[in-house]
Amino acid sequence: MFSGIDEVDWASMEHAYGPADDVPELLRGLASDDPAEREAALDGMYGAVHHQGDVYACTLACIPFLFELAVDPGVQDRGSVVELLTSIGGFDLDEDDEAEIDEDEIEGAANYAMAAAAVTAGAGVFFELIADEDAGVRLAAPLALATLHRHPVRVLALLRERLPVEPEEEVRLALVEAAGRVALRHRPLAGRVAAWLGRLASRAHSPGLRLAALAQLARCAPDGLPGDVVPVVSGLLREMRSPPEQSAPAEDEPVPGREPDAESRCPDAAEPADTEAVDAEPVEPVEIEPVETEPVAAAETCRGEQVATPTLVGQLRSLSAQENAGRGAPWAADLLRTLHVGLDDRVGDRTALLADQLRSPDRRQRIDAVRMSGGLIRAWRGPYEELVALVGDQLADPEPRLAEAASHVLEELFGLAAPAADALAARLTDRPEDWVRSWASGPPGLGSTVKALARLGDARAVPALAAALELPQVAHDVGFAVGHLGTAAQPLAGALRRRLAEVALDEGAYDRASPLLAGLTGLRAGEATPEVLRVLRGAPEYRGEWLRTAALRALGSFGPAAREAVPELRALIRRPGTASATEAAEALWAISGDAEAVLPALIEGLQSHQVHDRRAAAVALGALGPRAAVVAPRLRGLLAHEELWLRVDAAIALWEVSGRSRETLEALLADWDRSRHVRVRVAECVARMGPVPEGSAAAHVLRSELASVRRHNAMDGGYGSHDIHEDEKLLALCRRALRGTGKGTTA
């Protein structure tokens, strides 16, 4: 094995962490008899040689040796090697990608193309591996074939031929998944695959296999799903929880002692074998929800022996084993996620399916459903009252992972969590130990139940926040929670003032003071002006600018109640063009209403070289309204600026100082189309302008947004904790702007 490996000039190549002279050792480690050594070698391959999917020259040089490992029956854990080959060779570079490649990326793109060509050239070995004695190899081979082989018709024939004789259920599911992948990559074959999947979904005796067929049908041909997909899937889930019963074999399943007939061995024999010209399409990513686990024994799977190692690969395998331990069908959650992704914008069906899962007696199924509910609500708009109430019901379950998963989902929902308010309050009362969470590093944070209830504006969160304010170190997010509670948190003002007065103005001042300043800002607690002024005057050099900004915002929120801060603010605005001068001018205007004093500093700020400072000045000038009308020409000149957010802030300020909405609306609607990220800010301005006339461009934009089922900020592969809140805010603003359509003008 590895003939010629030492003749490769590995030292002349590099991987993610430097010279690639350690690659031969990694390759030999993959062939080791020691499970820990194999896993460490695999971790090194993914961590350095194929780092985050990258392909280097050393990655290309590895391909022949990886094929040697994959076909050698004496090597253990070969399924992982097949998966690695699939990842290296499976990158799709379509025409759009090619058009966007710049000079610095040409070499990388060439490596991807060479890797795809090299692995595809050897993909014929996967035909043999699909019947390998090693179940882990059989598990990995179908997807390798579907991803890499150039003859998809032959691949489909083999998948169908193998399904009736494959003894492992997990491998059978992989065969079905591979068929779905073929349909996605080679769309002319989608109809044929869908017909087969439809027959499996209705006739296969294994509920897992039927669920897998429905999941792949949803991905590649959703129109082929049965109209009663929700009750069908719910029935399959119930059947999977029940003891198996003997039933007649379904199509493509063998009768004991009988060989598959010619039709099942090669159903596509009459089709041309060469489909080189078939266009490939990228596979849509599956939504992945975060997994929380607790130490349990590792489950035995067809992937072979599991070992505990400090590698990333080892940790991921351990987490997977912990999550699946004790499950009769550990793959069911993945199938359901795939089904949900395929159902896409069919929010009603997805909601009904999740509601059924949340009523299941199987706690693990409910954990999966809670997490998938979060993914659904995060990406799609819809009526979720029943679903949210069912998620709230899980808070009372004695299984800690279930209750914890539910509280994390509810934390992100803000106002949408209202149907679960009583359940949140009950858990808050029952578990005071969860009010504040401590971490190995960094400041403590509020528990998710506290945050969820506070974000609802529910006063029942106040005792938990009061307790958090008495701890030696205040939770870093307590101020934001106070802000959401508004006047309901007024009893906390005294504690916030006292703790702020105790903050030592040293290098750690920002971390300790900023949560307290945020809370006082949310309460508009003008009585705290002396404590805030102490911080403003004594801010240390380290993070001092951030701390002064927080203090100035607090003073501005206090309004006229902070009159004693006026001399301090007048002194600060004597340094025009600086960030602190702009922030001080904004606060001084809010407190005194003295436009003549603040206008020069803000005009100077509008000319700053820093975009952030110019934006702050534009926003502050807008707050002055008509008293800042003199700056209208300067603001108008910024409407063509290359910086998106500066254009938006300038356009809004222009309307506020001039009262002329036509040119502002034109600029704002243009940027609405350019970036979804500005839509909330734009909608806030449009809503303040008054009713939008029926038939206007603004009305069309707002109605189109309201008609969209997908959230404006939904992303594939990532999300922010405030995404749902921001999108619901956008919807509310659009409705407010349209309310009373036809009764006003925007001339």
Side-chain angles (χ1 to χ4, degrees), residues 344-345 347 374-384 412-416 455 480 483-484 611-612 614-616 618-623 635-636 638-657 660-741 744 746:
D344 199 40
D345 61 353
V347 174
L376 173 64
I377 300 173
R378 196 179 297 128
W380 301 97
R381 299 161 175 168
Y384 293 119
E412 295 179 4
L413 301 188
F414 289 77
L416 294 186
R455 288 171 175 180
F480 299 109
H484 288 297
V611 169
H612 175 271
R614 299 178 82 178
R615 287 186 58 201
V619 171
L621 285 164
L635 293 170
R636 190 173 290 112
L638 292 174
L639 298 184
H641 196 278
E642 61 182 10
E643 172 59 38
L644 169 71
W645 281 102
L646 180 54
R647 289 199 308 270
V648 170
D649 288 335
I652 294 172
L654 178 60
W655 169 70
E656 289 171 324
V657 304
R660 298 175 60 185
S661 60
R662 190 176 301 280
E663 58 185 335
T664 290
L665 266 177
E666 183 178 341
L668 292 178
L669 294 180
D671 283 328
W672 177 293
D673 288 334
R674 291 189 184 103
S675 174
R676 61 186 179 179
H677 301 294
V678 303
R679 291 184 184 178
V680 172
R681 184 99 170 92
V682 171
E684 284 175 333
C685 179
V686 176
R688 284 190 288 120
M689 286 179 176
V692 175
E694 185 66 56
S696 66
H700 173 74
V701 166
L702 297 176
R703 292 195 187 282
S704 295
E705 184 64 57
L706 290 172
S708 174
V709 183
R710 189 165 177 83
R711 297 200 182 277
H712 83 283
N713 49 9
M715 297 181 290
D716 292 327
Y719 63 92
S721 61
H722 285 51
D723 284 356
I724 296 172
H725 175 60
E726 286 296 301
D727 186 69
E728 290 294 319
K729 182 178 179 181
L730 174 62
L731 295 176
L733 289 166
C734 289
R735 295 187 190 103
R736 195 172 91 197
L738 289 166
R739 195 173 297 134
T741 293
T746 54

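Just so it is clear, the model here is predicted, and its values are computed rather than measured.
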* **Where Ala699 and Gly695 come nearest, the two heavy atoms and their spacing** => CB-N, 4.2 Å
* If you take all heavy atoms of Val657 and Gly622, which pair is closest and at what distance? -> CG1-CA, 4.3 Å
* Structure fact -> All heavy atoms of Leu668 vs all of Cys685, minimum pair found to be CD1-SG, 3.9 Å
* Output yes when Glu694 and Arg703 qualify as a salt bridge under the 4.0 Å nitrogen-oxygen rule, no when they do not. => yes
* To do: To the nearest 0.5 angstrom, please state how far the CZ atom of Arg735 sits from the CG atom of Leu730.
  => 9.5 Å
* Please examine the side chains of Leu413 and Ile377, heavy atoms only from C-beta on, and report whether any two atoms are closer than 4.5 Å. => yes
* To do: Could you tell me whether the side chain of Trp655 reaches within less than 4.5 Å of the side chain of Leu665, counting heavy atoms only?
  => no
* **Ile652 backbone acceptor or donor facing Thr664 side chain under 3.5 Å** => no
* Structure fact -> By ring pair (Phe, Tyr, Trp, His ring centres under 6.0 Å), Phe414 pairs with (sequence neighbours left out) His484, His722, His725
* Side-chain ion pair, Glu728 and Arg711, N-O less than 4.0 Å -> yes
* To do: Dump the intermediate steps for side chain to side chain contact (heavy atoms under 4.5 Å, CB included) on Val709 and Val347, then the final yes or no.
  => CA-CA 8 Å; Val709 183; Val347 174; 3.8 Å; yes
* **Spacing of CG belonging to Leu706 relative to SG belonging to Cys734, to within rounding of 0.5 Å** => 5.0 Å
* Hey, does Tyr719 have a side-chain heavy atom less than 4.5 Å from the side chain of Ile724? -> no
* Any idea which heavy atoms bring Leu638 and Ala650 closest together, and the distance? -> CB-CB, 3.7 Å
* Asked: Do Asn713 and Val680 touch side chain to side chain, with heavy atoms closer than 4.5 Å?
  -> no
* To do: Only one of His712, Glu705, Glu684 passes side chain to side chain donor-acceptor pair (under 3.5 Å) with Arg679; say which it is.
  => Glu705
* Asked: Do Arg681 and Asp649 come within less than 4.5 Å of each other through their side chains, counting heavy atoms only?
  -> yes
* Taking all heavy atoms of Ala698 and all of Val692, pick out the closest pair and write down the distance. => CB-CG1, 3.6 Å
* Do Val678 and Arg647 touch side chain to side chain, with heavy atoms closer than 4.5 Å? -> no
* Asked: Does the pair Asp345 and Arg710 meet the rule for a side chain to side chain contact (heavy atoms under 4.5 Å, CB included), with working shown?
  -> CA-CA 7 Å; Asp345 61 353; Arg710 189 165 177 83; over 6 Å; no
* So how far is it from Arg736 CZ to Leu702 CG, rounded to the nearest 0.5 Å? -> 12.0 Å
* Asked: Charged N to carboxylate O under 4.0 angstrom, Asp727 versus Arg381?
  -> yes
* Which heavy atom in Ala737 sits nearest to a heavy atom in Ala687, and how many Å separate them? -> CB-CA, 3.8 Å
* Asked: With Glu643, which residues qualify under side-chain hydrogen bond (donor to acceptor under 3.5 Å, both in side chains), at least two apart?
  -> none
* **All side-chain hydrogen bond (donor to acceptor under 3.5 Å, both in side chains) counterparts of Arg688, not counting sequence neighbours** => Glu656
